[in-house]
2 protein chains.
Amino acid sequence: MVDPGADISAPNAAGPPTAPKGVQAADAGSTTNAPGEPTPTAPRQLPIILDRNSPVPLYHQLAQAIEAAIRSGELSPGDRLENELSMTTRLGLARPTARQAIGELARKGLVVRKRGVGTQVLSPRINRETRLSSLYEDLQAAGRRPETRLLSYELGVSAEDLLSSGVELAETELSGEFLKITRLRIADGLPLAILTNHLPARLAVSEADLAGTGLYAALRARGVNLRVAHQTVSARLMTADEGKLLAERRPAACLTALRVVYDDSGRLVEIGQHVYRASHYSLEVSLAP
Amino acid sequence: MVDPGADISAPNAAGPPTAPKGVQAADAGSTTNAPGEPTPTAPRQLPIILDRNSPVPLYHQLAQAIEAAIRSGELSPGDRLENELSMTTRLGLARPTARQAIGELARKGLVVRKRGVGTQVLSPRINRETRLSSLYEDLQAAGRRPETRLLSYELGVSAEDLLSSGVELAETELSGEFLKITRLRIADGLPLAILTNHLPARLAVSEADLAGTGLYAALRARGVNLRVAHQTVSARLMTADEGKLLAERRPAACLTALRVVYDDSGRLVEIGQHVYRASHYSLEVSLAP
DNA sequence: TAGTGGTCTAGACCACTTA
DNA sequence: AAGTGGTCTAGACCACTAT
């Protein structure tokens, strides 16, 4: 259907030492036992050590320890976690603390809690997260060689022409001066995307910053906490200019994304208009219930 | 850039009585005050009534009450919530209970908590959620008139041909018999998408169920709790058949989505291959930090 | 220094599932 | 009936922010 060759999915930040490759179907297809939920086994007592002097909260230490056990394969899909009471007495914690840890994992989709039953580990395949990541970082994480070619860099431009492009933004947010940059993103020598970004002038990054790293890394370095983003994704035919830059013979389809990013107090950080070479790129999206 | 005419975004389930239309820029552009964060005012004491005999947990009652106040405009962006101590003594709750309620709202992106400062209401514009919704329901919620034309309905087919289409699934999950359906989705008389779905035979829905409603509604009616889904989104040129069904003159671009849905215990529920008419459809995606 | 949210404890009772 | 997670209480101390 779609060439998955350039499918870029960001692996989780904490790299598992022994990542489970593919799917380890523990049991064959017994029809009563669903494939996603292999033979449940007895609860396991994980060898967890907590550092009460660490600035990292106990519940988070615990959550990370369990997550590591899941990602390393020490706990397999279908395994039951040690029950909350046993875990808390064993580790010298109060129940709410342990519950906070397990709740964190449940929200991430790593485990399911069932009243009267216990907490079960889910198949890691269904755990990928939708992250606010930059293409640059995604490419790096996937072990590819990203490059950037700065096509234009204009400081002090207006962003009000964006109003007509379907962005759902208030006029007040688009007033003032902006930095507009256009970049060509290349991976392993192949052009992959044309990225156009508008940033409020107060966040202007230098041309040098953009060359060596991704835009988001540059913003984080300036102390911006990225928080919420929306993306509107669609597709259309490439224009002649786009086809030339992306090395596609026309007619060709491109994937388009219009992204609006805010920081943790709701201030506008960036508006990105991205054009991806659809034949070499696909987007991973997770959906919540 | 992209025709936003058919942009389908699902509004939140709980309809606000007096939804704030557009953006109510409370203050003009004083350069020190960011547009997303209008004039913070003094904390407000909401008139909240809790029903201790209700089966709905107190923390959830509280969260819903605050959310309703935000969505109705009773609390505006930038307003500070009553502080936790005051709220708990006033409502006769323990602090963790109130914290659980506010935490729920913070995770949804409705409020920000800042230590030493308080809890502030965020602009509702940045609160849209990525939901596991069906196209049918999205269209209904947007006030449009969805129709479905069943193009094919085959029971007992194999799904192993999907392995080559880039789905990341175990072979064991694709073994067994499947129901394969192909539908044309129409909104207000315009063809919008071709939807191909594979369901495990145990979840086979009847042709009648599909006609009157969406696939997910039919599944929920059978007691299936949808839980996790991944979508791989890309684009390509339409084939001749697709162009005919979707009433597009070629060459034309289409948006493609490959969706895998699990239930709350990790069992495979559905594999969907969707082809959208890109000129009339775009996808809304939210991204977490 | 006063006020805020962040973490944590040590219990209690309840609802649900399974045997 | 036994075991599990779900909810809730009534406190405690700490870290951070503003003044």
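Values below: every heavy atom of this structure, side chains too, minus hydrogens, waters and symmetry copies.
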Measure [atom1]/[X] against [atom2]/[N] and give the value in whole Å, please.
X        : N      : atom1 : atom2 : answer
A/Leu105 : D/dG5  : CG    : P     : 13 Å
A/Gln100 : D/dG6  : CD    : C1'   : 15 Å
A/Glu84  : C/dC16 : CD    : P     : 17 Å
A/Arg113 : C/dC16 : CZ    : C1'   : 15 Å
B/Glu104 : D/dG6  : CD    : C1'   : 14 Å
A/Leu62  : C/dT7  : CG    : P     : 14 Å
A/Glu82  : D/dG5  : CD    : P     : 10 Å
B/Leu81  : C/dG3  : CG    : P     : 19 Å

At under 4.0 Å, does any side-chain N or O of [X] touch on OP1 or OP2 of [N]?
X        : N     : answer
A/Thr97  : C/dT7 : no
B/Arg99  : C/dG6 : yes
A/Tyr59  : C/dT7 : yes
A/Thr119 : D/dG5 : yes

Just the atom pairs and distances: protein N or O near nucleotides 10-19 of chain D's N or O, under 3.5 Å.
residue: D/dA15; atom: O4'; partner: B/Arg115; partner atom: NH1; Å: 2.8

Work out how much the helix from C/dT1-D/dA18 to C/dT18-D/dA1 bends between its end axes, five pairs an end, to the nearest 10 degrees. 10°

Distance-only criterion, 3.5 Å: show the donor-acceptor pairs between side-chain atoms of residues 87-94 of chain B and protein atoms not counting sequence neighbours.
residue: B/Thr88; atom: OG1; partner: B/Glu84; partner atom: O; Å: 2.9
residue: B/Thr88; atom: OG1; partner: B/Leu85; partner atom: O; Å: 2.8
residue: B/Thr89; atom: OG1; partner: B/Leu85; partner atom: O; Å: 3.2
residue: B/Thr89; atom: OG1; partner: B/Ser86; partner atom: O; Å: 3.0
residue: B/Arg90; atom: NE; partner: B/Glu82; partner atom: OE1; Å: 3.2
residue: B/Arg90; atom: NE; partner: B/Glu82; partner atom: OE2; Å: 2.9
residue: B/Arg90; atom: NH1; partner: B/Leu46; partner atom: O; Å: 3.1
residue: B/Arg90; atom: NH2; partner: B/Leu46; partner atom: O; Å: 2.8
residue: B/Arg90; atom: NH2; partner: B/Glu82; partner atom: OE1; Å: 2.7

Pair A/Lys108 + A/Glu67: basic N to acidic O under 4.0 Å: yes

Side chains of A/Glu270 and A/Tyr216: is there a donor and an acceptor less than 3.5 Å apart? yes

By the 4.0 Å heavy-atom rule, please label B/Leu58 as base, sugar-phosphate, or nothing. sugar-phosphate

How is B/Ile102 classified with respect to the nucleic acid when contacts are heavy atoms under 4.0 Å: base, sugar-phosphate, or nothing? nothing

Assuming nearest nucleotide by heavy-atom distance, tell me which of A/Val56 and B/Gly118 is located more 5' along DNA chain C. B/Gly118

